[in-house]
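Scroll down for the structure; my scribbles are underneath it.
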Amino acid sequence: MTSDRSQRSSAERSSLGAHAPDEHARVGSRPAHHATEHRRKVVDMRDSLRFTRIREGLVALAAVGAMTLLAACGGAGSGSSAPQGAAADSASVEEAKSLVAQAQQQVAWPQPGPPAFDASSARGKTLGWVAITASNPFSQIMLEGAREAAALSGLNIDYCDGKGRPSEWVRCADSLIAKGVDALLIQSIDPKILSASIEAATRAGIPVIETSSNDSSQPPTPGVSAANNFAIAEMGKLLADYAIADSNGRVNAVYYGAPEVALSPPLHQAIEAEFRRLCPDTCTLKSSDVPVGEWDTRLPTVVQSGISADRDINYLIPLADGAVPAMIPAVHAANATERVKILSITASPSIVKFIDSGDVFVADVGPSTEWHGWSTVDQALRLIVGQPKGSPILHDPQMPIRLFDKANVGELNFDDPKMANFFGPVDLAAEYGRVWGITP
């Protein structure tokens, strides 16, 4: 078995890096009289919410990509601006508007849904859970959903807080394996960091589930039996569609990635690909890498200087919405509130709420974190009762995503910490109860 030290070295060696555009006819721009009042509100927001929201952003990133905790320095890419005289293709703009309108709608239980099976033989069994960290809203909401699912199915959960440290992830995994759990969940951690532990679980006959560590289109990591990942490429595509629809196809955007987050490049690539598909002559994308640990300190300066130097920039797209509280004040400080908007992913409740204020953060795309917990338990039950590892549901949990903007945030209940009404009136207990043969 590989030692803790070698697994930590693997984590420390891991690093990934990631790529901007033109402004004209704006759709849905904000009235000028908002600017002064918003500037005052944002200063207050920065002081009171900065550290809380950045911590939540770290959680969201854990859901969107496995963090290696590498304190790497960010680099910046460059791209040519869209031709000033080029005209956007109207058919492409209409297609983008249609895609956005579809994504704004409440989601429904997928049809035909996960295949039904008899989960009764898993009653009393134990799912060992290695969490990237327990001290953030994403992990907490996911765990709450999973515990509700476990209570319904009779599954036990042995939860271990990884405290955001690779050494703790290893300790948690090895401890749970030693206890002889019936399935092992690696939540929001790159499975490669725990390769030795995964090998040990395999030797012990314990199936392993990875969550929030890759794009859902990718197969599970070698040695892993099931993957419960998010549709990162689809989220990136929708962010590009929103910018195209909102600007009538004239986008000059900057993507802010993080070099230590595995899913930063795929998200960037998905955004860029959709711009090339729908508006190759009028949309461009630059990128700038800022490590997550520097979002609160360095990112505001990077944003302010960038949009001050290039007055054609009209969209900022950070890797996850946890960066938004640091970016909004920077846009105000650059006096760019009338030309610059921010879009992002993960749909953290406290960040989505900013959309309702009418400030420069205008769109957020993400999945239901509570549903994520339920679908993870569904995969654990399937593995415990012996379903084949190649079953499609073990690779695609059928997790819907939704785009939030000013058109639908008014219907949300921000006082509900589980975001139960964010995605639609889906009764997860009733639906999964039928899948598991518990309720008619």
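Computed from a predicted model, the values in this text were never measured in an experiment. Just the heavy atoms: all of them, side chains too, but no hydrogens, waters or symmetry mates, feed the values below. Here, residue 1 is the first one in the sequence, and each next residue gets the next number.
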Next item on the list: Could you pull out the closest heavy-atom pair between Ser308 and Ala334, with the gap in Å?
Entry: OG-CB, 3.6 Å

Note to self: Show, in sequence, the C-alpha distance, side-chain angles and deciding distance for Trp109 and Arg434, and conclude whether the side-chain contact (heavy atoms from CB on, under 4.5 Å) test is met.
What the structure shows: CA-CA 12 Å; Trp109 181 255; Arg434 283 190 284 271; over 6 Å; no

Notebook entry, point to check: Who pairs with Ser391 by side chain to side chain donor-acceptor pair (under 3.5 Å), at least two apart in sequence or on another chain?
Noted result: none

Next item on the list: May I ask you to decide if Lys389's main-chain N or O and His395's side chain share a donor-acceptor pair within less than 3.5 Å?
Entry: yes

Margin query: Would the distance check show the side chain of Thr211 and the main-chain N or O of Asn228 forming a donor-acceptor pair, the cut-off being under 3.5 Å?
Written below: no

Check: Quick one: CG on Asn408 to CZ on Arg402, what's the gap to the nearest 0.5 Å?
Finding: 4.5 Å

Next item on the list: Taking Thr346 for its side chain and Ala320 for its backbone only, find out whether a donor-acceptor pair lies under 3.5 Å.
Entry: no

Check: With distance as the sole test, does Asp405 use its side chain to make a donor-acceptor pair with the main-chain N or O of Val362 at under 3.5 Å?
Finding: no

Notebook entry, point to check: Does the Asn229 side chain pair with the main chain of Ser212, one donor and one acceptor, at a distance under 3.5 Å?
Noted result: yes

Notebook entry, point to check: Listed by chain and number, what are the side-chain contact (heavy atoms from CB on, under 4.5 Å) partners of Glu95, not counting sequence neighbours?
Noted result: Leu99, Arg277, Leu278

Notebook entry, point to check: Is the side chain of Asp215 donor-acceptor paired with the backbone N or O of Ala233 at a distance under 3.5 Å, no angle test?
Noted result: yes

Checklist line | Interatomic distance, Glu370 atom CD to Ser375 atom OG [nearest 0.5 angstrom] | finding: 11.0 Å

Next item on the list: Find the distance between CZ (Phe230) and CG (Leu267) and round it off to the nearest 0.5 Å.
Entry: 13.5 Å

Check: Between the side chains of Asp378 and Trp436, is a donor N or O closer than 3.5 angstrom to an acceptor N or O?
Finding: yes

Next item on the list: With ring-ring contact (aromatic ring centres under 6.0 Å, His included) as the test, would you mind laying out the steps for Trp371 and Tyr432 before giving the verdict?
Entry: CA-CA 10 Å; Trp371 197 327; Tyr432 277 111; 7.3 Å; no

Next item on the list: Could you walk me through whether Met327 and Val360 pass side-chain contact (heavy atoms from CB on, under 4.5 Å), step by step?
Entry: CA-CA 9 Å; Met327 297 175 71; Val360 295; over 6 Å; no

Margin query: So does Thr133 get a backbone contact from the side chain of Ser139, meaning a donor-acceptor N/O pair under 3.5 Å?
Written below: yes

Checklist line | Check: Phe422 ring centre within less than 6.0 Å of Phe414 ring centre | finding: yes

Next item on the list: Ignoring hydrogens and angles, tell me if any N or O in the side chain of Trp374 forms a donor-acceptor pair with the backbone of Ala429 under 3.5 Å.
Entry: no

Note to self: Between Gln379 and Ile209 (side chain of the first, backbone of the second, donor and acceptor by atom type, cut-off under 3.5 Å), is there such a pair?
What the structure shows: no

Notebook entry, point to check: Say you draw a straight line from CD of Glu199 to OG of Ser195; how long is it, rounded to the nearest 0.5 Å?
Noted result: 5.5 Å

Margin query: Please identify which of these residues, Asp246, Leu403, Val100, Ile271, meets the side-chain contact (heavy atoms from CB on, under 4.5 Å) condition with Asp241.
Written below: Val100

Check: Would a distance-only check, ignoring hydrogens and angles, find a side-chain to backbone donor-acceptor pair under 3.5 Å from Asp364 to Phe404?
Finding: no

Check: Atom NZ in Lys341, atom CG in Asn314: separation rounded to 0.5 Å?
Finding: 9.0 Å

Next item on the list: Drop me the distance from Tyr315's OH to Leu343's CG, to the nearest 0.5 angstrom.
Entry: 7.0 Å

Item checked: Residues forming a side chain to side chain donor-acceptor pair (under 3.5 Å) with Asp161, sequence neighbours excluded -> none

